[in-house]
Amino acid sequence: MSWLENYDIEVYQRIVEGDRKSRERLNGHGNAIAQVYNHIILPLANQRDKYTQIRWGKEDFRKRFGRDPEGMWLAETAVDYATLEALIDEKISFIILAPTQAERCRPFPSENDDPESEQLEWQEVGGGQIDPTRPYRCFIPDGRYIDIFFYDGPISGDMGFDDVLQSSDFLAGRIGQAVKGDRRQSQLISVATDGETFGHHKKGTEKCIAYACATEFAKRGWTVTNFAHYLSINPPTWEVVLKPVTAWSCSHGVDRWQDDCGCGGGGEWHQKWRRPLRDSLNWLRDELTKVYEDTGRKFFNDPWLARDEYIQVILDRSRDRRSLCPLGNRVDEFLIRHQNHPLSASEKIDALRLLEMQRHALLMFTSCGWFLKNYLVPKAYKSSAMPIAL
Ligand SMILES: [Zn+2]
């Protein structure tokens, strides 16, 4: 969103406006969903980075949309139970996952149900068989929960890799095939695919999706909604257990971002560089943590709270001309709030350098650097040295 804000303000403003209009239309629930700040694979992040990523993502969202997010999109939908716990702590109500990430599910018993009834037994859905037309509740060991939507896998796949977007009528027909005729009160058909599909990978399909949502679906008596609104009127009646560590684009847990798992390669390419690169970056993160804690304590009351709130400076580096501080008045306010003594000019610089170091320690884990083809190494590559292509 910050790139869009800088390079195409009109599109940016239309997106923000779209969220505002959806809130008016859908009882206060907006279309926009927050995301982890810089697209890192949360199950591979240490606990502190998990929280900072979620907090920075929430603050970024608040600045743009003027409200708290209800849901969060996880980079590559990568998730494990420690990630769920962090999301719950940060008051995220729902996430969206691929159907292959579910392990088993079952309906909640109601008062009239016989607890021994076969209807209430766990159903194994580890092969992607989960019914995606309803939301699910996922409990963590301490009894708290987060709600989960699973998108329709086959339709989403066809949108990205087949011709289902050739016309809005065709798309509606394909979605109509997923509607179950079992008279349930309501059912949700949701899809998830890469945003660049529309208009970039597939020219003109942004018009197809716009016309379908504005006109075609209504003709068939379907309501266009969003996850938050749907959840508010259809709370889950089923619970789900997830597989331990998963993502939508790797069938080996999250090895795509740490091992030579085969995903993203093929043919004459290998990814043996991933393990030493992951180990090196983890080592670097831990070394920088020591530097940050040891030196940060000289300036900040709580260095980690300062890091979490540093997003406010990142989001607004503008400088008020009336400010005497050449670094900008947002920086001044931030430092005054976190400093443990009045900082000299050179101490302010050092404090900010520490925070920038932490920002880059997060940015270096951005997932996209791990599987784009440019970073793959020919199998003939013998050297033990690895390319650093981030
Ligand atoms: Zn894989």
- Task: Find out if a path of hydrophobic residues (ILVMFWY) with successive side-chain heavy-atom gaps under 4.5 Å connects Trp273 to Phe365.
- Result: yes
Residues at least two apart in sequence or cross-chain that pass salt bridge (Lys or Arg N to Asp or Glu O under 4.0 Å) with Lys58, listed by chain then number, are Glu90
I'd like to know if Glu5 and Arg64 make a salt bridge, using a cut-off of under 4.0 Å between side-chain N and carboxylate O.
yes
Applied to residues 33-46, the salt bridge (charged side-chain N to carboxylate O under 4.0 Å, His left out) test, sequence neighbours excluded, yields none
Test item: side-chain donor near acceptor, His39 and Thr366, under 3.5 Å = no
Check this for me: Arg220, atom CZ, are more than 12 non-hydrogen atoms of other residues, nucleotides or ligands nearer than 6.0 Å? yes
To the nearest 0.5 Å, atom CG of Leu26 lies from atom CG of Asn31 at 6.5 Å
So side chain to side chain donor-acceptor pair (under 3.5 Å) across residues 148-166, not counting sequence neighbours, yields Asp158-Arg174, Asp163-Gln166
For Phe108, the other hydrophobic cluster members (4.5 Å side-chain criterion, sorted by chain and number) are Phe139, Tyr145
For Leu363, the hydrophobic cluster (side chain heavy atoms closer than 4.5 Å, chained through members) also holds none
The remaining residues in the hydrophobic cluster of Tyr51, counting side-chain heavy-atom contacts under 4.5 Å among Ile, Leu, Val, Met, Phe, Trp and Tyr, are none
Residues passing the salt bridge (Lys or Arg N to Asp or Glu O under 4.0 Å) test with Asp259, sequence neighbours excluded, are Arg275
Notebook entry, point to check: Please walk me through it: do His341 and Lys298 pass side-chain contact (heavy atoms from CB on, under 4.5 Å)?
Noted result: CA-CA 9 Å; His341 68 276; Lys298 293 179 192 163; 5.7 Å; no
_Side-chain ion pair, Arg337 and Glu309, N-O less than 4.0 Å_ = yes
Notebook entry, point to check: Is there a path of hydrophobic side-chain contacts, each under 4.5 Å between heavy atoms of I, L, V, M, F, W or Y residues, that connects Val11 with Val16?
Noted result: yes
### Query
Taking the side chain from Thr52 and the backbone from Asp49, do they hold a donor-acceptor pair closer than 3.5 Å?
no
Got a salt bridge between Arg144 and Asp89, using NZ or NE/NH1/NH2 to carboxylate O under 4.0 Å?
yes
| query | Crowded around Glu124 CD? As in, over 12 foreign heavy atoms under 6.0 Å? | reply | yes
Hey, can you tell me if Trp222 and Phe217 have their rings parallel, tilted or perpendicular (30° and 60° cut-offs)?
tilted
Hits for side-chain hydrogen bond (donor to acceptor under 3.5 Å, both in side chains) against Gln187, two or more places apart or cross-chain, chain-then-number order -> none
With sequence neighbours left out, the residues meeting salt bridge (Lys or Arg N to Asp or Glu O under 4.0 Å) with Lys290 are Glu287
Using a 4.5 Å side-chain heavy-atom cut-off and chaining through intermediate ILVMFWY residues, the residues clustered with Ile233 come out as none
Checking Phe299, Trp304, Tyr310 against Tyr292 for ring-ring contact (aromatic ring centres under 6.0 Å, His included), the one that qualifies is Trp304
- request: Would you indicate whether Glu10, at its atom CD, is surrounded by more than 12 heavy atoms from other residues, nucleotides or ligands within a distance under 6.0 Å?
  value: no
Residues pairing under salt bridge (charged side-chain N to carboxylate O under 4.0 Å, His left out) where one sits in residues 223-247, two or more places apart or in two chains, turn out to be Arg106-Glu239
Could you check whether the rings of Trp3 and Tyr7 sit parallel, tilted or perpendicular, using 30° and 60° as the cut-offs? parallel
Given the options Ile96, Leu87, Ile40, Leu74 meets side-chain contact (heavy atoms from CB on, under 4.5 Å) only with Leu87
For atom NZ of Lys207, decide whether the heavy atoms of other residues, nucleotides or ligands shown that lie under 6.0 angstrom number more than 12.
no
Can you check whether Ala75's main-chain N or O pairs, donor with acceptor, with Gln35's side chain at less than 3.5 Å?
no
Rounded to the nearest 0.5 angstrom, the CD-CD1 distance for Gln101 and Ile148 is 8.5 Å
Review point. Hey, is the main chain of His200 close enough, under 3.5 Å, to the side chain of Glu206 for a donor-acceptor pair?
Key: no
Checking Phe149, Phe150, Trp73 against Phe227 for ring-ring contact (aromatic ring centres under 6.0 Å, His included), the one that qualifies is Phe149
Sequence neighbours excluded, the answer for side-chain hydrogen bond (donor to acceptor under 3.5 Å, both in side chains) partners of Asp8 is none
Can any side-chain N or O of Ser344 pair as donor or acceptor with the backbone N or O of Glu347 at less than 3.5 Å?
yes
Exercise: do Glu76 and Ser249 side chains pair donor with acceptor under 3.5 Å:
yes
